[in-house]
Amino acid sequence: MDIKTYLIIGGTGGIGQAMVKQLVASAASEKNNSVRVFATYHRSVPTFEAENLHWIQMDVSDEDSIKQAAEVIGQQSTHLDWIISCVGLLHTEQSQPEKALRQVESEFFLQNMQVNALAGLLIAKHLKPLLTKAERSNDQPAIFATISARVGSISDNQMGGWYSYRMSKAALNMGMKNLSIEWGRSLKNVCVVVMQPGTVNTQLSAPFQGNVADGHLFSPAYSAECLLEVLASMTATQSGSFVDWAGESIPW
């Protein structure tokens, strides 16, 4: 059990891809053969390859696909030490975040809930057995991390709007808080954490970057580096936290 094994879900997105490359590069620079990285893609097989990197197909909106991906990983690895879900939905080609109640549509709302909220629970459900087998302690817990958003904070909401996205991220936060409590009883020395990556220069935020103040638009590489550093310092007693890219707590 000397191999430290990471799983990045959404490994072809901006933040996820940056995390994959940093984990792979870190292992390579240290000539460390005790690191293995799994990463998921949705449709097209990524062209980025490395000796200790394994790509797995997963559609987070399909529970069967999540289950199958978990089975494939289980065939290649005895355990997972860190699971980080970077998937998220803010807009599609057909729909943008709602500015007013009259723009709320059932299909887009449910799509947000499926990707942003339910997926995290289903991922935890099917990957728990691999997390259970990780070597862990209070100071070096197994990690189950999910990217959320500050706009999912109810008490921080001063502007309104973005109904589907805000509500789905608030639902994600509640789901992960629930999970941290359940696993705190049944799966010791695991840290369940919800993270806000900052406003990152990705396809997700591209239509809305005009309102970002100078110096507050992060590159995917910078955000990924910050998030990985925060996770590396977390203990099992911090399970159930909602923190930003700098490790600062965010009100629920």
Side-chain angles (χ1 to χ4, degrees), residues 1-11 15-16 19-20 23 34-42 53-88 113-148 152 168-169 171-195 227-228 230-232 234-243:
M1 189 109 25
D2 294 327
I3 297 177
K4 186 155 187 179
T5 310
Y6 300 86
L7 170 61
I8 308 299
I9 297 169
I15 297 172
M19 283 187 174
V20 169
L23 291 170
S34 62
V35 172
R36 178 184 294 146
V37 181
F38 290 95
T40 74
Y41 65 93
H42 185 192
L53 173 62
H54 309 270
W55 288 104
I56 307 292
Q57 195 279 332
M58 180 190 287
D59 178 357
V60 298
S61 64
D62 180 349
E63 183 171 4
D64 286 340
S65 178
I66 295 171
K67 181 180 179 181
Q68 290 169 11
E71 291 171 351
V72 171
I73 296 169
Q75 293 167 2
Q76 300 182 44
S77 178
T78 58
H79 70 285
L80 289 172
D81 295 286
W82 285 22
I83 300 171
I84 308 174
S85 177
C86 301
V87 296
M113 285 292 182
Q114 181 78 45
V115 174
N116 293 333
L118 180 58
L121 292 179
L122 297 178
I123 289 164
K125 173 183 174 181
H126 290 290
L127 288 167
K128 179 185 176 183
L130 290 172
L131 209 62
T132 302
K133 296 176 183 177
E135 289 187 349
R136 54 193 190 275
S137 65
N138 179 68
D139 293 335
Q140 291 187 316
I143 297 288
F144 188 88
T146 309
I147 302 296
S148 185
S168 62
K169 289 296 188 179
L172 166 66
N173 294 351
M174 179 60 82
M176 293 300 104
K177 186 69 173 180
N178 256 19
L179 183 65
S180 72
I181 294 169
E182 178 180 341
W183 281 5
R185 299 181 183 130
S186 63
L187 189 59
K188 301 300 182 184
N189 295 324
V190 173
C191 184
V192 178
V193 57
V194 182
M195 309 191 81
L227 294 172
L228 290 173
V230 170
L231 288 175
M234 298 201 79
T235 66
T237 55
Q238 293 172 287
S239 188
S241 298
F242 181 17
V243 300

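Across every non-hydrogen atom of Ala117 and Leu172, the tightest pair is CB-N, 3.9 Å. Annotation for Thr235 and Pro141: closest pair C-CG, 3.8 Å, computed over non-hydrogen atoms. Of all heavy-atom pairs spanning Ile66 and Ile123, the tightest one is CG2-CA, 4.0 Å. Across all non-hydrogen atoms, the minimal contact from Ser148 to Val194 is CB-CG1, 3.1 Å. Across all their heavy atoms, Val37 and Leu23 have their closest contact at CG2-CB, 3.9 Å. Considering every non-hydrogen atom in both Phe38 and Ile56, the closest pair reads CD2-CG1, 4.1 Å.
Between Met176 and Phe144, some side-chain heavy-atom pair lies under the 4.5 Å cut-off. In this structure, Gln238 and Val193 have side chains that are not in contact, with every pair of non-hydrogen atoms separated by 4.5 Å or more. A 4.5 Å side-chain heavy-atom check between Thr5 and His79 finds at least one atom pair inside the cut-off. Annotation: side chain of Ser77 is not in contact with side chain of Leu130 (no heavy-atom distance under 4.5 Å).
A distance-only check finds no donor-acceptor pair linking the side chain of Gln57 to the backbone of Thr40 [under 3.5 Å]. A side-chain donor-acceptor contact under 3.5 Å links Ser180 to the backbone of Lys177. With hydrogens and angles ignored, the 3.5 Å screen pairs a side-chain donor or acceptor of Lys169 with a backbone N or O of Ile147.
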### Task
Could you give me the CA-CA distance, side-chain angles and deciding distance for Asp59 and Ser65, then say whether side-chain hydrogen bond (donor to acceptor under 3.5 Å, both in side chains) is met?
CA-CA 6 Å; Asp59 178 357; Ser65 178; 5.7 Å; no
### Task
For Met195 and Leu231, run side chain to side chain contact (heavy atoms under 4.5 Å, CB included): C-alpha distance rounded to whole Å, both residues' side-chain angles, the deciding distance at 0.1 Å, then the answer.
CA-CA 9 Å; Met195 309 191 81; Leu231 288 175; 3.5 Å; yes
### From CA spacing to verdict: side chain to side chain contact (heavy atoms under 4.5 Å, CB included), Ile84, Leu228
CA-CA 10 Å; Ile84 308 174; Leu228 290 173; 3.9 Å; yes
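The CG atom of Leu122 sits 10.5 Å away from atom CG of Leu127, with the distance rounded to the nearest 0.5 Å. The CG atom of Leu187 lies 5.5 Å from the NZ atom of Lys128; values are rounded to the nearest 0.5 Å. Atoms OG and CD, on Ser168 and Gln114 in that order, are 11.5 Å from each other to the nearest 0.5 Å. Taking OG1 of Thr237 as the start and CG of Asp139 as the end, the distance is 8.0 Å to the nearest 0.5 Å. Separating the CD1 atom in Ile15 from the CD1 atom in Ile8 is a distance of 11.0 Å, to the nearest 0.5 Å. Atom CG of Asp81 is separated from atom CD1 of Ile3 by 10.0 Å, given to the nearest 0.5 angstrom.
In the model, His126 has a side-chain atom that pairs as donor or acceptor with a side-chain atom of Glu63 under 3.5 Å.
Counting heavy atoms of neighbouring residues, nucleotides and ligands inside a 6.0 Å radius, atom CE of Met174 does not exceed 12 of them. Other residues, nucleotides and ligands contribute at most 12 non-hydrogen atoms within 6.0 Å of the CD atom of Gln140.
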